[in-house]
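Working notes for the structure below.
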Amino acid sequence: MSDKIVQSTEEVVRAYMSKYDCSHDWQHVQRVVRQALTLARSEALHRPVDLLVVHLAALLHDVDDAKYRQEGETAFSSKVFLQAAGLDLERAELVCRVVDAVSFRKELLAEEQDRMGTSGPNERQWRRECAELACVQDADRLDAIGAFGVLRCAAFSGARNRTLHDPCDSAIQDITYDQYVAQSGGTSGTAIAHFHEKLLKLAAMMKTECGRQEAQRRHEYLTEFLKQIDVEYSFGASSNEGQVECGDA
């Protein structure tokens, strides 16, 4: 039964993701699935992990993504789909809870609610302790850093007609939930600023030991990439002649 549920989910997700750009396509989903299951098997050595929940949540994690949702578009109900596919209610609800909590955007919101005291203690404990969330979240974040992270950041920026690099455009320090939502849905900011606003923070946010180890390797790749960006951008700028100062017309 579980194989049939996974197969049905794969078919639906593959078709659904075809309308997204290549930063959030079926290939991205497949990488997240592979990584999530690898992390889950590692975690299962020392705590219970439901591999089917991890697999399904990884498949569904970008379906109905808010930054791609069109006005008036009917929301996709993962819960209804999973139950119709034969998954029991308890597991279907856990899959949906993981999917709803997996994104960087939702973590920003949760952290702000924690600081304001508006989130319940049960919710905070669940986010800290849910093994299935940890595995899917870490897997998704691994695909946002390293070589694939660089490719995906450039691809998303291109799809949104966002500038790749402008040294006059400063990254938003300690970006808030509202700032992140506004930026995700528009063309403001740059690809390189996104490194500082999000991507360079992800390694420190990992929740699994295996994920932390792999994230550190990919984080180091990001830092070396940024150094190379600075080297290439500065080529030919050994004198001030012809340079444009930030703020010039």
> Under a 4.5 Å cut-off applied to non-hydrogen side-chain atoms, are H55 and V33 in contact?
Replying inline: yes
>> Checking side chain to side chain donor-acceptor pair (under 3.5 Å) between R217 and each of Q213, H219, E220, E214, which is the one that passes?
In response: E214
>> If we check salt bridge (charged side-chain N to carboxylate O under 4.0 Å, His left out) with R31, which of these qualifies: D62, D143, D25, D140?
In response: D143
> What are the two closest non-hydrogen atoms of F104 and R141, and how far apart are they?
Replying inline: CA-NH2, 4.0 Å
> How are the rings of F81 and F76 set relative to one another: parallel (under 30°), tilted (30 to 60°) or perpendicular (over 60°)?
Replying inline: tilted
> For the residue pair A110 and R127, what are the closest heavy atoms and their distance?
Replying inline: CB-CZ, 3.3 Å
>> Looking at every heavy atom in both G211 and D138, which two are closest together, and how far apart are they?
In response: CA-OD2, 4.1 Å
> Tell me, do F195 and C153 make a side-chain contact under 4.5 Å, heavy atoms counted?
Replying inline: yes
>> Within this structure, what is the OG-CG distance for the pair S78 and L56, rounded to the nearest 0.5 Å?
In response: 9.5 Å
> What are the two closest heavy atoms between Q179 and D174, and how far apart are they?
Replying inline: OE1-O, 4.3 Å
>> Distance alone, cut at 3.5 Å: any donor-acceptor contact between the side chains of D178 and T176?
In response: no
> Where do D64 and A75 come nearest, in terms of heavy atoms and distance?
Replying inline: OD2-CB, 3.6 Å
> Does a side-chain N-to-carboxylate-O contact under 4.0 Å join E123 and R97?
Replying inline: yes
>> Checking side-chain polar atoms at under 3.5 Å, does Q228 have a donor or acceptor matched by the opposite partner on E232?
In response: yes
>> Could you check whether any side-chain heavy atom of D3 comes within less than 4.5 Å of a side-chain heavy atom of Q7, counting everything from C-beta outward?
In response: no
>> When you compare the side chains of H28 and H61, does any donor N or O come within less than 3.5 Å of an acceptor on the partner?
In response: yes
> Got a sec: does the CZ of R212 have more than 12 other heavy atoms crowding it under 6.0 Å?
Replying inline: yes
>> Strictly distance-based, threshold 3.5 Å: is any side-chain N or O of R124 a donor or acceptor partner for the main-chain N or O of D114?
In response: no
> Hey, does the side chain of R47 reach the backbone of E129 with a donor-acceptor pair shorter than 3.5 angstrom?
Replying inline: yes
> Mind checking whether H196 and L226 have side chains closer than 4.5 Å, heavy atoms only?
Replying inline: yes
> Any side-chain heavy atom of Y180 within less than 4.5 Å of one from L109?
Replying inline: no
> Rounded to the nearest 0.5 Å, how far does CE of M206 lie from CD of Q216?
Replying inline: 10.5 Å
>> Ignoring hydrogens, what is the shortest heavy-atom contact between G189 and D169? Give both atom names and the distance.
In response: CA-OD1, 4.0 Å
> Considering only heavy atoms from C-beta outward, does the side chain of L60 approach that of V63 to under 4.5 Å?
Replying inline: yes
> Between Y233 and H165, how do the two ring planes meet: parallel, tilted or perpendicular, split at 30° and 60°?
Replying inline: perpendicular
> Any donor-acceptor pair under 3.5 Å linking the side chain of E43 with the backbone of C135?
Replying inline: no
> F225 vs Y221 aromatic rings, parallel, tilted or perpendicular, using cut-offs 30° and 60°?
Replying inline: parallel
> Do the side chain of Q113 and the main chain of T118 share a donor and acceptor less than 3.5 angstrom apart?
Replying inline: no
> Within 45° of the axis and under 6.0 Å from the centre of the six-membered ring of Y177, does NZ or CZ of R105 qualify?
Replying inline: no
>> If I take atom CE from residue M17 and atom SG from residue C22, how far apart are they, to the nearest 0.5 angstrom?
In response: 11.5 Å
> At what distance, to the nearest 0.5 angstrom, does CG of L51 lie from OG of S2?
Replying inline: 10.0 Å
> Just by distance, do the side chain of R162 and the backbone of S157 share a donor-acceptor pair under 3.5 Å?
Replying inline: no
> Roughly how far, to the nearest 0.5 Å, is the OG1 atom of T223 from the NZ atom of K227?
Replying inline: 5.5 Å
> Would you call E107 and K207 a salt bridge, taking side-chain N to carboxylate O under 4.0 Å as the test?
Replying inline: yes
> Okay, side chain of E197, backbone of A171: is any donor-acceptor separation there less than 3.5 Å?
Replying inline: no
>> Using only atom types and a distance under 3.5 Å, with no angle test, would you say the side chain of K79 pairs donor to acceptor with the backbone of C96?
In response: no
>> Any side-chain to backbone donor/acceptor pair from S234 onto V231? Under 3.5 Å, distance only.
In response: yes
>> Has T163 got a side-chain atom pairing as donor or acceptor with D166's backbone, closer than 3.5 angstrom?
In response: no
